[in-house]
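Counting starts at 1 for both ligands and their atoms, in listed order.
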Amino acid sequence: MSWSDEPVSSDIEQIQKVLRASQRLPRHVAAIMDGNGRWAEVRSMPRFEGHRAGMESVRSVVKACSQVGIEYLTLYAFSIENWKRPAPEVRFLMSLLESYLRKELDELHANNVRIRTIGKTNALPRGVEKILQKAIDRTAANDGLTLTLALSYGARWDIQRAMQVIALDVRRGKLSPEDLTEQTISEYLQTSYMPDPDLIIRTSGEIRLSNFLLWEAAYAELYVTDMLWPDFRDKDLYNALLEYTQRERRFGKTSAQVDQGKRSPQTTMERLRNALK
Ligand code: FPP
């Protein structure tokens, strides 16, 4: 089913319209989806129920990004450090990922979403690896939202891996050390196909990057909310986007030097954000 045919409330419709028309929308949004465990604990539920509810937030946020024309969404779904969690929790997360792809692939494809992954994905169970590859292959030619799942991912791992390949290419004579620029480093990272993130959202109130996109996040705007990931849905994403459109990104320049298109008047912003409450 095409997401554009689904009915939405008039408030959401109006906010989507404002965001779509904004010249200040981020191209690339990334999210550190934190707080699933706590969400379950406060409800006296087992942790895996938090992950299950977190998957519903994934569905909601992917659709919401696609509907306002975000080009790239990167979700930190499983860090390289997450392998240290108890085996039953790891198994549950893997099965959740598999069932997300099984259930959602047709709909993602129908809505022009391109699926990619970053991370040490050969460490994933065979079944998960296979369905991921199927999703990547099937959606490869789509040119709507690029949804990247960071799986078994660590930014330091990717930087280390890139450095090894760079060193090998220098040894093979393919690259000379004098030609090594920041751009070259970006090109050797697994994230080379995406622009740097403009906005990184982190839920559950923790103010850190936790080994996520460390090189790429150099100029990203950070948006931290106390909400736990399973409570974070489309309207919360729109709230973050509205706040982002009001920020001034200077990239080291002065305020007078930057011109990023007109911001919406403060009164319009307040009205829109109130409508999201
Ligand atoms: C962090 O919460 C979340 C994770 C380690 C996993 C994220 C997974 C999902 C949102 C569901 C499945 C994802 C996809 C892409 C289908 P936490 O467990 O660390 O929470 P806590 O800090 O409260 O314990």
Side-chain angles (χ1 to χ4, degrees), residues 29-66 70 72-109 111 113-121 123-125 127-136 139 145-155 157 200-213 224-234 236-237:
V29 176
I32 303 174
M33 310 184 285
D34 198 12
N36 292 353
R38 273 162 284 173
W39 184 93
E41 273 157 32
V42 294
R43 287 165 179 76
S44 308
M45 289 170 161
R47 289 176 59 82
F48 69 81
E49 289 297 350
H51 296 313
R52 207 196 301 277
M55 190 175 90
E56 292 308 313
S57 297
V58 168
R59 298 180 64 221
S60 176
V61 165
V62 168
K63 179 173 156 188
C65 279
S66 163
I70 298 293
Y72 295 84
L73 172 66
T74 302
L75 298 176
Y76 203 6
F78 193 83
S79 76
I80 208 155
E81 290 82 16
N82 284 155
W83 290 113
K84 296 181 199 143
R85 293 199 172 193
E89 183 168 344
V90 171
R91 271 198 302 275
F92 184 80
L93 280 167
M94 292 299 140
S95 68
L96 204 57
L97 178 64
E98 204 174 326
S99 83
Y100 171 76
L101 291 169
R102 273 191 210 295
K103 276 195 224 146
E104 303 295 319
L105 183 55
D106 284 346
E107 188 160 306
L108 291 167
H109 184 46
N111 286 283
V113 175
R114 177 172 70 136
I115 297 171
R116 302 283 305 247
T117 58
I118 50 172
K120 196 172 184 285
T121 48
L124 298 169
V128 176
E129 226 192 324
K130 265 172 89 177
I131 178 120
L132 266 173
Q133 199 52 53
K134 182 178 160 196
I136 293 166
T139 61
L145 173 72
T146 296
L147 168 63
T148 299
L149 300 175
L151 293 165
S152 189
Y153 173 81
W157 167 82
I200 298 183
I201 296 171
R202 179 161 191 156
T203 53
S204 94
E206 317 280 359
I207 310 173
R208 55 176 171 264
L209 285 174
S210 301
N211 203 11
F212 186 47
L213 303 177
V224 175
T225 168
D226 286 337
M227 293 181 80
L228 304 175
W229 177 254
D231 292 323
F232 192 89
R233 299 289 164 102
D234 53 358
D236 307 299
L237 174 88

Query - Separation of Ser57 OG from Trp229 CH2 (nearest 0.5 Å) - result: 6.0 Å
Report task. Starting from atom 20 (O) of ligand 1, locate the nearest protein heavy atom and write down its residue, its atom name and how far away it is, to 0.1 Å. Result -> Gly37 N, 3.0 Å
Requested in this report: Looking only at protein heavy atoms, identify the closest one to atom 9 (C) of ligand 1 and say how far it is in Å.
Outcome: Asn36 ND2, 3.6 Å
Query raised in the report: For ligand 1, which part of Glu206 has a heavy atom less than 4.0 Å away: the side chain, the backbone, both, or neither?
Result: neither
**Report entry** atom 6 (C) of ligand 1 [closest protein heavy-atom partner, distance rounded to 0.1 Å]
**Finding:** Ala77 O, 3.4 Å
Query raised in the report: Quick one: does Asp34 get a heavy atom under 4.0 Å from ligand 1?
Result: yes
Query raised in the report: For atom 22 (O) of ligand 1, what is the nearest protein heavy atom, given as residue, atom name and distance?
Result: Arg38 NH2, 2.9 Å
Query raised in the report: Would you say Arg38 has more than 12 foreign heavy atoms packed within less than 6.0 Å of its CZ?
Result: yes
Report task. Have a look at Leu149, Val61, Leu93, Asn82 and point out the one with the heavy atom closest to atom 15 (C) of ligand 1. Result -> Leu149
**Report entry** atom 13 (C) of ligand 1 - nearest protein heavy atom and its distance
**Finding:** Val58 CG2, 4.1 Å
Report task. Nearest 0.5 Å please: distance from the CG atom of Leu93 over to the CD atom of Glu98. Result -> 13.0 Å
Query raised in the report: In the protein, which heavy atom is nearest to atom 1 (C) of ligand 1, and how far is it?
Result: Met33 O, 3.1 Å
Query raised in the report: Where do Lys63 and Asp234 land on the salt bridge (charged side-chain N to carboxylate O under 4.0 Å, His left out) test, with the steps shown first?
Result: CA-CA 8 Å; Lys63 179 173 156 188; Asp234 53 358; over 6 Å; no
Query raised in the report: Applying a 4.0 Å heavy-atom criterion (strictly less than), which segment of Phe78 is in contact with ligand 1: side chain, backbone, both, or neither?
Result: neither
**Report entry** atom 11 (C) of ligand 1 [closest protein heavy-atom partner, distance rounded to 0.1 Å]
**Finding:** His51 O, 3.7 Å
Query raised in the report: Taking Arg47 for the side chain and Ala40 for the main chain, is one N or O donor matched with an acceptor at less than 3.5 Å?
Result: no
Query raised in the report: For ligand 1, is there an N or O atom under 3.5 Å from any N or O atom of Trp39?
Result: no
Requested in this report: For ligand 1, indicate whether the residue Arg47 contacts it via side chain, backbone, both or neither (heavy-atom separation under 4.0 Å).
Outcome: side chain
Report task. Enter the distance from Leu97:CG to Met55:CE here, rounded to the nearest 0.5 Å. Result -> 9.5 Å
Query raised in the report: Parallel under 30°, tilted from 30 to 60°, perpendicular over 60°: which one fits the rings of Phe92 and Phe48?
Result: tilted
Report summary line: The closest protein heavy-atom partner of atom 19 (O) of ligand 1 is Arg85 NH2, 2.7 Å
